[in-house]
Protein chains: 2
Amino acid sequence: MEQIRNYFSKFIVLTDTEWNAFSSAIRKETCTKKQFLLQQGEECDFIAFVGEGLFRFYYLQEGEEKITAFFFPGDFVSNYRSFLTRQPSEHYIESMSDSVIYKIHRNELNALYNEYKSIERLGRLIAENLYLVVTKRLDSFLYSTPEERYKELLNRNSRLLQDVPQYMLASYLGVKPETLSRIRARKQAD
Amino acid sequence: MEQIRNYFSKFIVLTDTEWNAFSSAIRKETCTKKQFLLQQGEECDFIAFVGEGLFRFYYLQEGEEKITAFFFPGDFVSNYRSFLTRQPSEHYIESMSDSVIYKIHRNELNALYNEYKSIERLGRLIAENLYLVVTKRLDSFLYSTPEERYKELLNRNSRLLQDVPQYMLASYLGVKPETLSRIRARKQAD
DNA sequence: AAAATTCGTTGACTCTGATCAAGAAATAAA
DNA sequence: TTTATTTCTTGATCAGAGTCAACGAATTTT
């Protein structure tokens, strides 16, 4: 749990009292490979913090998996849209390896928001952080070609390349596996 | 100003005291058509609320304007990324008509965050709201074709179609003006 | 109102990624 | 280790958006 407190300190430093209240609302969970944290149609009533492992967040479109995001240790894993709007999720969240997460449920988080100003602030900082993450991804689709997105990935996120099969990377980049294979072949030639 | 208080009530209802503090940090500004609210390279140190008018948020890529967003009355207009990260803006914000906005600067907002829990919460709700806006737009790029995005626009945002020239809509949809013209011609045929 | 400019449409052609198909390589299962 | 399955690569072809160019329509300027 102290590991988590340390991770969270990049957002805000909580007093012992605040941390005790917060941490007692958190539940540690483990899961094995290929387990669903959330299925399509379910409402997402939690935010979880990834301690160990890897998750993918995807949408099923006519039988095809469209991967929207990966979640690594240090990331928040949730369908944050469903969490905020209370609408059923259109996405699946699935573990890609044995994983450890720290989960907090909406009701308990809301109670903490009401009780502690610092946790209300933590909630703001998390929302702001998630905003920055999605806008960055949106920008990469608005302003870059698949090849540029792949290059970007090479520079910024080596974990993705190590831990994720190529056909999933292709989906994440918004292209077909054949196309990513050709992009890589092209780059070899340079 | 009461108009603004009413608009904000969809996020949170402030007491008179809180509202007085908040509203005294807000400055009303007017601008005419084609004025820059923010230029590339500047740091965005404000969030503004659109009272009247229309703004576009765009990125200049090799001389070409790539429109990322439009802001209508009731929207927050800001480079929220630059606001949060204190990095210089890569985008321009330009008025498309005579407009009225209500601006609050980062320093004053932060002071209010510190002083009032309810305004801290307002900040969270705004961040959450902006998150939902960008994820929706990201999803439209991840899961839809330009034609589907155009149809979506027809159904959901009639103001865009009325007030925005077609070549800007094309940019917003991520296609060239010629392509949007052909999409429209195709749809006529149905 | 006339002229100038900007905006929207259409055609011919190009380019990039998708699709379909086959086979090689890598990984998992027996 | 052998077999089976999944993943990756490569080729041929297709489809949709981009580019370039011309022209008509609409708007703005004079």
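Everything quoted here is computed from the prediction, not taken from an experiment.
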Exercise. Does a salt bridge link E43(A) with R106(A), judged by any charged N lying under 4.0 Å from a carboxylate O?
Worked result: yes
Seminar exercise, completed: Rounded to whole Å, the CG-C1' distance (D163(B) to dT27(D)) equals 16 Å
Exercise. If you check the E178(A) side chain, which of dC7(C), dA17(D), dT10(D) turns out closest?
Worked result: dT10(D)
Problem set entry | Gap between atoms CD and C1', on E64(A) and dC20(C) respectively (whole Å) | 15 Å
Exercise. Would D45(A) and K103(A) pass as an ion pair if we require N to O under 4.0 Å?
Worked result: no
For this session: Mind calculating the distance between CD (Q61(A)) and P (dA18(C)) to the nearest angstrom?
Result: 13 Å
Seminar exercise, completed: Rounding to 0.5 Å, atoms CD1 (I126(B)) and OH (Y80(B)) come to a distance of 7.0 Å
Exercise. So, is Q166(B) close to the dA26(D) phosphate, meaning a side-chain N or O under 4.0 Å from OP1 or OP2?
Worked result: no
For this session: Take the protein atom CG of L180(B) and the nucleotide atom P of dC7(C), then report the distance between them rounded to whole Å.
Result: 14 Å
Problem set entry | 5'-most by nearest nucleotide on DNA chain C - R182(B) or M168(B) | M168(B)
Seminar exercise, completed: In F83(B), Y102(B), F49(B), the residue satisfying ring pair (Phe, Tyr, Trp, His ring centres under 6.0 Å) with F76(B) is F49(B)
For this session: Quickly work out the I183(B) CD1 to dT10(C) C1' distance and round it to whole Å.
Result: 15 Å
Exercise. Rounded to the Å, how far apart are R184(B) CZ and dG16(D) P?
Worked result: 20 Å
For this session: Name the closest nucleotide to the Y167(A) side chain, picking from dG8(C), dA17(D), dT7(D).
Result: dT7(D)
Exercise. Relative to the ring of F72(A), is the ring of F70(A) parallel (under 30°), tilted (30 to 60°) or perpendicular (over 60°)?
Worked result: tilted
Exercise. Under 4.0 Å between a side-chain N or O of S181(A) and OP1 or OP2 of dC8(D)?
Worked result: no
Problem set entry | Of the listed nucleotides dC7(C), dA18(C), dC8(D), the one nearest the side chain of V175(A) | dA18(C)
Seminar exercise, completed: Rounded to whole Å, CG of L161(A) lies from C1' of dT7(D) at a distance of 16 Å
Seminar exercise, completed: When rounded to whole Å, the CG to P distance for the pair L169(B) and dT9(C) reads 11 Å
Problem set entry | K176(A) side chain, from C-beta outward: closest of dG8(C), dC8(D), dT19(C) | dT19(C)
